[in-house]
Amino acid sequence: MKTQVAIIGAGPSGLLLGQLLHKAGIRTLIIERQTPEYVLGRIRAGILESGTVELLREAGVAGRMEQEGLVHHGVEFIFDGQRIPVPLSELTGGKSVMVYGQTEVTRDLMQARDECGAPIIYGVSQVQINDAKSDRPSVEFEKEGERCRIECDFIAGCDGFHGISRKSIPREVLREYESVWPFGWLGLLADTPPVNPELIYAHHERGFVLCSQRSLTRSRYYLQVPLSDRIEAWSDDRFWDELKRRLPSDLAGRLVTGHSLEKSIAPLRSYVVEPMQYGRLFLVGDAAHIVPPTGAKGLNLAASDVNYLWRILSAYYRQGRSDLLASYSHLALNRVWKGERFSWFMTHLLHDFQEKSAFDRKMQEADRRYYLGSEAGLTTIAENYVGLPFENVG
Ligand code: RFL
Ligand code: PHB
């Protein structure tokens, strides 16, 4: 098999990159370990930054999102039972975020790929990257017991945190930065109307709460829980009771409960690997970095990497610009670190840290009063939440 760009992983990074390159007339082949149903079954991100929305428009896959997505002009914080609105659009010159789930983005991208007839091979195993440092790299994999080989110009490693792309780069070339958080998030999805028109990020002494949504009839809630908690210990009733205890009484009284469609516990991790490229292999999205979900940045940072990589590859094929290839890691990491910082900041601001010293708790309180008590503080939160601008390529 021959292609121009071999893409490993058909999550949002791989599919979006494939779509943008296809529109630019560049041939791609995507290989994926799982089935399409499995990929669509993962309930993950829900909030798209304005730059991600723009990129989906550029990729020509924004039709259903424009119809069904919900544009949000603000979010709310709750501290000490006090509700603090953050008017995102007012503070950012009219920017907003889009409530449209990762599952739907992925479904739209899969459909677009299907329609343009570009190939995805599902159910591959034993994936191996060869000669990434040469001009003729290749990818080998197994499919139904047969060994296959793709010859290509470039490889995009879009295979998530547990994929093989990052691991195939020699260890001595990479520098890893990691911080693991001492709690997890218990998430529940239900076909109930959201408790509030805007998302709510609430700090409570029993632990953080997020009230999110997927549509006007589907809610997504999260509770901070100890890492030792098991999902079997959380019946739906226990979840709803705990959520009500952590919300002010007016909101708790309005909460509509129902059967869970999905319930899971996710650990929180901050992680970055540098550099994000090795010869002709480029790492994209979760393959190179992980954020705790508090800033709603995971999927958006994946889209940010794609934004830089497709422009660089497009300039290579269409204008013969090979000079830009080496700039990918630097451009991508500049924005990744800002996303890491905001996610780290939001996680610190909002969670309960049992092991914090009395001094550190006072610092956390002062941070809350400062950031939520001044226009400058709120503007900092708002401009990061809607998404910082992309740098120009070239
Ligand atoms: P993905 O989505 O993990 O996709 C990678 C794809 O690669 C496949 N793969 C392979 N394919 C071929 N060969 C191999 N050897 C392969 N190894 C793996 C996998 O099957 C998969 O299909 O990474 P991508 O595309 O970079 O997208 C990133 C986003 O998915 C991720 O950043 C967000 O979902 C993170 N995240 C959240 N982000 C938010 O912004 N808000 C959230 O609320 C939120 N919740 C979450 C999350 C991530 C979670 N994880 C990773 C466990 C909740 C969870 C539970
Ligand atoms: C979600 O809806 O899943 C979601 C929204 C905002 C976040 C994290 C998760 O910060």
Side-chain angles (χ1 to χ4, degrees), residues 6-18 30-36 38-49 52 70 72 75 97-103 105-106 109-110 120-129 139-143 155-168 184-189 194 198-201 208 210-215 218-222 262 264-269 271 283-306 336 339 342-343 346-347 350 385 387:
I7 300 177
I8 306 176
S13 302
L15 289 166
L16 180 57
L17 180 66
I30 304 182
I31 57 170
E32 163 63 49
R33 192 173 52 173
Q34 306 287 355
T35 62
Y38 183 95
V39 174
L40 284 173
R42 295 185 290 219
I43 308 296
R44 291 186 175 177
I47 300 290
L48 307 180
E49 293 176 352
T52 306
L70 303 172
H72 278 209
V75 292
V97 291
M98 177 78 83
V99 172
Y100 193 64
Q102 176 166 337
T103 314
V105 173
T106 309
L109 284 163
M110 280 179 175
I120 306 186
I121 305 175
Y122 285 98
V124 305
S125 61
Q126 311 294 326
V127 179
Q128 188 186 318
I129 292 173
V139 179
E140 282 180 45
F141 61 92
E142 220 166 280
K143 168 82 182 168
I155 301 168
C158 304
D159 49 353
F161 186 65
H162 300 288
I164 57 95
S165 298
R166 186 180 69 253
K167 291 172 195 148
S168 66
W185 275 23
L186 167 63
L188 181 146
L189 186 73
E198 291 180 342
L199 266 69
I200 295 177
Y201 291 82
F208 166 73
L210 170 58
C211 304
S212 183
Q213 50 187 271
R214 290 289 178 273
S215 69
R218 183 167 285 187
S219 304
R220 178 77 165 154
Y221 296 103
Y222 295 96
E262 193 264 0
S264 52
I265 297 180
L268 269 60
R269 184 196 300 272
Y271 174 91
L283 300 179
V284 181
D286 279 16
H289 42 78
I290 298 286
V291 285
T294 331
K297 289 284 168 261
L299 175 59
N300 291 300
L301 285 180
S304 169
D305 296 348
V306 170
V336 164
F342 181 64
S343 306
M346 288 277 281
T347 306
L350 287 156
Y385 195 81

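First listed ligand is number 1; within each ligand, the first listed atom is number 1. Along the sequence shown, residues carry numbers from 1.
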Considering only N or O atoms, set out every pair between ligand 1 and the protein closer than 3.5 Å, with distances to one decimal place.
residue	atom	partner	partner atom	Å
ligand 1	2 (O)	Arg44	NH1	3.1
ligand 1	3 (O)	Arg44	NH1	3.2
ligand 1	11 (N)	Arg33	N	3.2
ligand 1	20 (O)	Glu32	OE2	2.6
ligand 1	22 (O)	Glu32	OE1	2.7
ligand 1	22 (O)	Glu32	OE2	3.2
ligand 1	22 (O)	Arg42	NH2	2.8
ligand 1	25 (O)	Pro12	N	3.3
ligand 1	25 (O)	Ser13	N	2.9
ligand 1	25 (O)	Ser13	OG	3.0
ligand 1	26 (O)	Ser13	OG	2.7
ligand 1	26 (O)	Asp286	N	3.0
ligand 1	30 (O)	Arg44	NH1	3.2
ligand 1	30 (O)	Gln102	NE2	2.8
ligand 1	32 (O)	Asp286	OD1	2.6
ligand 1	32 (O)	Asp286	OD2	3.4
ligand 1	32 (O)	Gly298	O	3.2
ligand 1	32 (O)	Leu299	N	3.4
ligand 1	34 (O)	Gln102	OE1	2.7
ligand 1	40 (O)	Gly298	N	3.1
ligand 1	40 (O)	Leu299	N	3.4

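- When atom types are taken as modelled, the side chain of Lys297 and the backbone of Tyr385 share a donor-acceptor pair closer than 3.5 angstrom.
- Within the cation-pi definition used here (under 6.0 Å to the ring centroid, within 45° of the axis), Arg166 qualifies as a partner of Phe161.
- Under 4.0 Å from any atom of ligand 2, one finds heavy atoms of residues Arg44, Gly46, Ile47, Trp185, Leu199, Tyr201, Leu210, Ser212, Arg214, Arg220, Tyr222, Pro293, Thr294, Ala296.
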* Asked: When you look at Ile31 and Ile7, which way does the side chain to side chain contact (heavy atoms under 4.5 Å, CB included) test go after all the steps?
  -> CA-CA 6 Å; Ile31 57 170; Ile7 300 177; over 6 Å; no
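- Taking OG from Ser168 and CG from Asp159, the interatomic distance works out to 8.0 Å, rounded to the nearest 0.5 Å.
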Contacts table for residues 11-18: side-chain donor-acceptor under 3.5 angstrom, sequence neighbours left out:
none

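- In this structure, Arg269 CZ and Ile290 CD1 are separated by 7.0 Å, a value rounded to the nearest 0.5 Å.
- Distance CD/Glu32 to CE/Met110: 7.5 Å, rounded to 0.5 Å.
- Shown here are the salt bridge (charged side-chain N to carboxylate O under 4.0 Å, His left out) partners of Arg220, two or more places apart in sequence or in another chain: Glu262.
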* **CA sep, side-chain torsions, deciding dist, call: Trp185, Thr294, side chain to side chain contact (heavy atoms under 4.5 Å, CB included)** => CA-CA 10 Å; Trp185 275 23; Thr294 331; 3.7 Å; yes
